[in-house]
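Inspection log for the structure reproduced underneath, given as structure tokens.
None of the values given here were measured: they were computed from a predicted structure.
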Amino acid sequence: MEYRIEQQMDLKEKLQILSDAAKYDVACTSSGVERKNTGRGTGNCIMPGICHSFSADGRCISLLKILFTNECIFDCRYCINRRSNDVPRASFTPQEVCDLVMGFYRRNYIEGLFLSSGIFMSPDTTMDLLYQTLYKLRREYHFQGYIHVKAIPGADPELVERTGYLADRMSVNLELPTAEGLQALAPQKQRPKMLAPIRQVYRQRKQNRHELTLYRHAPKFVPAGQSTQMIVGASGESDWQIMKVAEHMYRKYEMKRVFYSAFLRVNEDRLLPVLPGGPPLLREHRLYQADWLLRFYGFGTEELLSEDRPDFNLLLDPKCDWALRHLEQFPVEVMQADYHTLLRVPGIGYRSAERIVKARGLGTLDYGNLKKMGVVLKRAVYFITCGGRQMYPVKLQEDYILRNLLDGKEKLPADARDTSVYEQLSLFDDPRFSV
């Protein structure tokens, strides 16, 4: 189907508007899919990363991250592109997106595409335009690089399905963690409609895995899985509520990633928090640390938080905080503890835990060996023994350990220390750039 999209603006102007509008969508993740060039197309896709990451040969690889349009029929209170805002509007055509992707790829600027969109006319219209764009890229331009696309809530499931066979990853933004928060700040959106495409992608991926066991060359449906994003701090949800939603997404729908986006007050609205201290970036950081514990360290939300203690300690990372509240489980003897017990020790990551388990079968370890294996001893030393001995005398007391951990001055992300540096890298920062 053909749609009339305004052509008065040149492509560079559109790119400036729609790349800037896309900065609120989080996409810093690995591709999660491997695809070699067949020799009949352009590009390929490798597992180790896409957005602001590095490939095995040391090249920095990145995504062209854009909105198809920042036109939107909704009036969400927290969104810069809401219908009632007086902001410059622009829309690409499918052909223009293809021209940008192929042009940037051939210049070695990008390795893939992240394509999101405001809701143009209707969910079906928007989803159809996204499908047309991906179809052109894959079938007419034979682009074999990575593509991450948004599934539009409320769109025809058939359109979502067709698009899923062309994309590597799909995502649906939950926007806010709870239905109550959504009702307050985005009353035109309904939670069931937002969950419908998430369920659809999960079920079809499950069915597709079965098809691939029977037919090796069957087309792959969203091979890199799906992700979602929640805004942190716009509504009154606690960290416990946010992590419960994330845990449900991982367990129920096999979500690859849940992203947490610190709320930025881009609109003046009485229902939005004022944020005198700036965006809650440190809170976002703690949520990501806890998310890592859920996905790789075997923790559950109920172990980290509870209704009585609903928010993370901003002074300590969640793993250290948990360990301090469970000192009865320490110290752990690294020569005897199993892999899962080692994972719960602050300063021991999943890779260093694997190295310990493998190495101790070959001989006795000491603290020098542990350091070489990647163990962060300045944290771990309070919670472990090696060969029955401590590295140096320490007390297994909460106040003592807490005081020493805080004296270590945990290095927080730059954004958590200084909110003035919160910005997205721009394609236009390089004066030599030209479309």
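- Counted by atom type alone, N173 and K150 present one or more donor-acceptor pairs between their side chains at under 3.5 Å.
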Evaluate the side chain to side chain contact (heavy atoms under 4.5 Å, CB included) criterion for residues Q229 and V258: first the C-alpha distance (whole Å), next the side-chain angles of each, then the deciding distance (0.1 Å), finally the verdict.
-> CA-CA 6 Å; Q229 178 177 339; V258 175; over 6 Å; no

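- Put simply, the side chain of L130 reaches to within 4.5 Å of the side chain of S117, judged on heavy atoms.
- Among residues two or more places apart in sequence or in another chain, the side-chain hydrogen bond (donor to acceptor under 3.5 Å, both in side chains) test is passed with E237 by T178, S235.
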Run the side chain to side chain contact (heavy atoms under 4.5 Å, CB included) check on E354 and V357 step by step: do they pass?
-> CA-CA 5 Å; E354 287 176 357; V357 171; 6.0 Å; no

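- Looking at residues two or more places apart in sequence or on another chain, you find a side-chain contact (heavy atoms from CB on, under 4.5 Å) between Q183 and P187.
- In this structure, the side chain of D168 engages the main chain of I147 through a donor-acceptor pair within 3.5 Å.
- Remark: R295 engages D291 in a salt bridge (Lys or Arg N to Asp or Glu O under 4.0 Å) (not counting sequence neighbours).
- Residues meeting the side-chain contact (heavy atoms from CB on, under 4.5 Å) test with A218, sequence neighbours left out: L212, Y215.
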Going through the checks in order, is the side chain to side chain contact (heavy atoms under 4.5 Å, CB included) test met by F330 and V345?
-> CA-CA 9 Å; F330 298 100; V345 177; 4.1 Å; yes

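- The residues D10 and K14 are annotated as not salt-bridged, no charged nitrogen and carboxylate oxygen being separated by less than 4.0 angstrom.
- The shortest distance between side-chain heavy atoms of V334 and L370 falls below 4.5 Å.
- By the 4.5 Å heavy-atom criterion applied to side chains, M243 and L294 are counted as neighbours.
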Which atom pairs, donor and acceptor, lie under 3.5 Å between side-chain atoms of residues 263-273 and protein residues at least two apart or in another chain?
residue	atom	partner	partner atom	Å
R265	NH1	L272	O	2.7
R265	NH1	P273	O	2.9
R265	NH2	E268	OE1	3.3
R265	NH2	D269	O	3.2
N267	OD1	N85	ND2	2.7
N267	ND2	R77	O	2.9
N267	ND2	C79	O	2.8
D269	OD1	R77	NH1	3.0
D269	OD1	L271	N	2.9
D269	OD2	R77	NH1	2.9

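- Under the 4.0 Å criterion applied to side-chain N and carboxylate O atoms, D317 and R286 are not assigned as salt-bridge partners.
- Looking at residues two or more places apart in sequence or on another chain, you find a side-chain contact (heavy atoms from CB on, under 4.5 Å) between E158 and D156, R162.
- Residues D128 and T125 bring no donor and acceptor atom of their side chains to less than 3.5 Å of each other.
- Under a 4.0 Å N-O distance rule, the pair D99/R106 does not qualify as a salt bridge.
- Taking the six-membered ring for Trp, F120 and F68 have ring centres at least 6.0 Å apart.
- Partners of R251 by side-chain hydrogen bond (donor to acceptor under 3.5 Å, both in side chains), not counting sequence neighbours, listed by chain and number: E247.
- The stretch residues 216-249 participates, sequence neighbours left out, in these ring-ring contact (aromatic ring centres under 6.0 Å, His included) pairs: Y165-F221, H248-Y253.
- Checked by atom type, the side-chain pair K319/Q289 shows no donor-acceptor distance below 3.5 Å.
- A donor atom on one side chain and an acceptor atom on the other are not found under 3.5 Å apart for D311 and S238.
- Residues in residues 298-308 take part in these salt bridge (charged side-chain N to carboxylate O under 4.0 Å, His left out) pairs, two or more places apart or across chains: K244-E302, E303-R344.
- At distances below 3.5 Å, at least one donor-acceptor pair connects side-chain atoms of R355 with backbone N or O atoms of M373.
- Sorted by first and then second residue, the salt bridge (charged side-chain N to carboxylate O under 4.0 Å, His left out) pairs involving residues 185-211 (not counting sequence neighbours) are E175-K189, R209-E254.
- At a cut-off of 3.5 Å, with distance as the only test, no side-chain donor of Q16 or D20 sits close to an acceptor on the other residue.
- Counting heavy atoms from C-beta outward, Q226 and R169 have side chains that stay 4.5 Å or more apart.
- Using the six-membered ring where Trp is involved, F104 and Y109 have ring planes that are tilted, between 30° and 60° apart.
- Partners of S352 according to the side-chain contact (heavy atoms from CB on, under 4.5 Å) rule, which considers only residues two or more places apart in sequence or in another chain, are I348, V375.
- Evaluation of the ring-ring contact (aromatic ring centres under 6.0 Å, His included) test over residues 298-324, restricted to residues two or more places apart or in two chains, returns F299-W322, W322-H326.
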